[in-house]
Amino acid sequence: MTTQLSALRRNLLNWFRQNKRELPWRQKRHWYTTWLSEVILQQTTVEQGLPYYHAFVERFPNVHTLAEAEEQEILHQWQGLGYYARARNLHKAARQIARQHHGRFPNDKKLALALPGIGPYTAAAILSLSYNRPYAVVDGNVTRVISRLQAIAEDIRLRSTQKIIEQHAQTLLSKKYPGAFNEAMMELGALVCTPVAPRCPVCPLSRWCLAYRQQKTDALPFKSAPPPKKRQYHWVVVYENTHRYLIRQRPEKGLLARMWEFPVWETDARQLKNTDSLSVRLSGHRISRVSGLMRHVYSHINLQYRAVLVEGSPEETPGTGTRKWVKKEEFNNYPIHKAHRHIINWLLNDQKGR
DNA sequence: AATTCGGGGGT
DNA sequence: ACCCCAGAATT
């Protein structure tokens with residue numbers, strides 16, 4: 001049995017050596033760039049994360065530059081990537097590493113897990129990849145590979161199933177080359193053991209794969225359906241006054257925390273179809289333009305919204321947070337989330353307005 | 001244990 | 001439309 005396990009590891013590591021992608025964070029393997037890439041790649045594809053990684057290394061080449069930066073600048077660098085708590089936690093953790101850990105990432109799992117934004121996956125990834133510590137990573141790729149390898153049919157959304165997979169991962173892990181093994185498992189999931197149409201004929205693990213032997217690779221892993229998304233409907237009001245536009249900062253907590261946006265009025269599907277209700281609330285303002293219907297999909301919300309360009313200032317302060325009147329050129333100085341970036345494009349480019 | 005956190009790409 | 005992606009924090 002032990003020899004089979006060794007053969008499996010050897011096969012996987014050889015495959016990885018010959019087939020791995022050349023990625024910037026794989027060049028030197030310093031903990032800082034490993035940490036940065038791991039956080040950027042949480043729930044994010046390599047292609048989407050790459051430009052952000054380059055920009056971050058350029059602007060924040062080490063933990064000290066990151067620790068000394070303003071959170072708003074880090075959010076600005078992160079804008080468009082989503083899950084902005086990652087950026088806020090990155091900043092918090094950088095300051096803790098600088099002050100409490102003498103500018104080095106703690107070579108200890110418990111201390112690593114105590115840092116903001118460092119969970120079980122990221123702690124194991126950084127410790128194994130940059131310090132060669134024997135912790136198995138379990139991400140979406142590894143979950144898929146192991147559920148097929150061991151023909152685990154239980155719902156991978158269940159914590160109990162995740163525990164079983166973690167145990168398999170820790171057993172499989174090469175204790176001699178934990179970093180390379182972890183990367184190899186993830187790379188296998190990304191390139192060979194894919195969610196749809198896995199490339200089993202070229203898989204280095206196929207001779208040990210129970211799902212392959214039982215022709216169940218298309219059925220595994222099994223994942224139960226997620227809860228349905230909620231629906232939200234917004235009027236987004238763009239106030240224009242002497243070539244300046246009103247924006248505000250979102251609250252400290254919750255969705256898109258501390259990002260900037262135009263004032264928003266929540267409405268319903270019916271009201272969003274016409275401007276009648278809007279004319280009432282905006283009485284006294286001249287409506288210059290109304291956009292077409294826009295949609296934005298969040299993890300748990302389906303948002304539909306329309307922008308309205310009006311002249312003048314609001315009678316009442318929309319929201320309680322910080323507000324600013326900014327010129328067109330100044331939009332780029334603020335971290336603004338994607339849905340409202342689309343409104344800026346509508347404002348600046350789409351002069352027809354539909 | 002469930003829910004809340006973005007945004008892009010594939011099928 | 002639905003799924004997935006080098007997940008973590010909060011409730």
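Chain identifiers are assigned alphabetically (A, B, ...) following the order of the sequence lines, protein sequences preceding nucleic acid strands; residue numbering begins at 1 within each chain.
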Please classify the nucleic acid contact of [X] as base, sugar-phosphate, or nothing, using heavy-atom distances under 4.0 Å.
X	value
A:T194	nothing
A:Y298	sugar-phosphate
A:G189	nothing
A:G49	nothing
A:W25	base
A:R88	nothing
A:I40	nothing
A:L255	sugar-phosphate

N/O (side chain, [X]) to phosphate O (OP1/OP2, [N]) under 4.0 Å:
X	N	result
A:H337	B:dG6	no
A:Y52	B:dG7	no
A:H300	B:dT3	no

Among [options], which nucleotide has an atom closest to any side-chain atom of [X]?
X	options	answer
A:Q43	B:dT4, B:dA1, C:dG7	C:dG7
A:N141	B:dG7, C:dC5, B:dG6	C:dC5
A:T122	C:dA6, B:dG7, C:dA8	C:dA8
A:R159	B:dA2, B:dT3, C:dA6	B:dA2

Please give the distance between the [atom1] atoms of [N] and [M] as a whole number of Å.
N	M	atom1	result
C:dT10	B:dG6	P	14 Å
C:dA6	B:dT11	C1'	22 Å
B:dC5	C:dC5	C1'	15 Å
B:dG8	C:dA8	P	22 Å

A:T45 or A:K92, whichever maps to the more 5' nucleotide of DNA chain C:
A:T45
A:P120 vs A:R144, nearer the 5' end of DNA chain C by closest nucleotide
A:R144
Quick check: on DNA chain B, is the nucleotide nearest A:L256 upstream (toward 5') of the one nearest A:E47, or the reverse? Name the residue that is more 5'.
A:L256
If you assign A:K253 and A:L158 each to the DNA chain B nucleotide with the nearest heavy atom, which residue ends up on the more 5' nucleotide?
A:L158
For C:dT10, give the paired nucleotide (Watson-Crick: N1-N3 plus N6-O4 or O6-N4; G-U: N1-O2 and O6-N3; both under 3.5 Å), or none.
B:dA2
Cationic N near anionic O, under 4.0 Å, [X] to [Y]:
X	Y	answer
A:R248	A:E261	yes
A:E73	A:R59	yes
A:E183	A:R26	yes

Whole-Å distance between [N] [atom2] and [X] [atom1]?
X	N	atom1	atom2	value
A:Q48	B:dG6	CD	P	13 Å
A:M259	B:dG6	CE	P	8 Å
A:R157	C:dG7	CZ	P	15 Å
A:L41	C:dA8	CG	P	12 Å
A:N89	B:dT4	CG	C1'	14 Å
A:K230	B:dC5	NZ	C1'	12 Å
A:K109	C:dA8	NZ	P	11 Å
A:K229	B:dG6	NZ	P	12 Å

Test for a donor-acceptor pair under 3.5 Å between the base of B:dG6 and the side chain of A:T44, counting only N and O atoms.
yes
At less than 3.5 Å, do the side-chain atoms of A:S299 and the base atoms of B:dG6 form a donor-acceptor pair?
yes
Once you round to the nearest 0.5 Å, how far does NE2 of A:H91 lie from CD of A:E68?
9.5 Å
Could you give the distance from CD (A:E240) to CD (A:E311), rounded to the nearest 0.5 Å?
7.0 Å
Are C:dG7 and A:Y121 stacked, with the base six-membered ring and the side-chain ring centres under 5.5 Å apart and planes under 30°?
no
Using the ring of each side chain (for Trp, its six-membered ring), is [X] parallel, tilted or perpendicular to [Y], with breaks at 30° and 60°?
X	Y	value
A:Y239	A:W325	perpendicular
A:W78	A:F56	perpendicular
A:Y245	A:F331	tilted

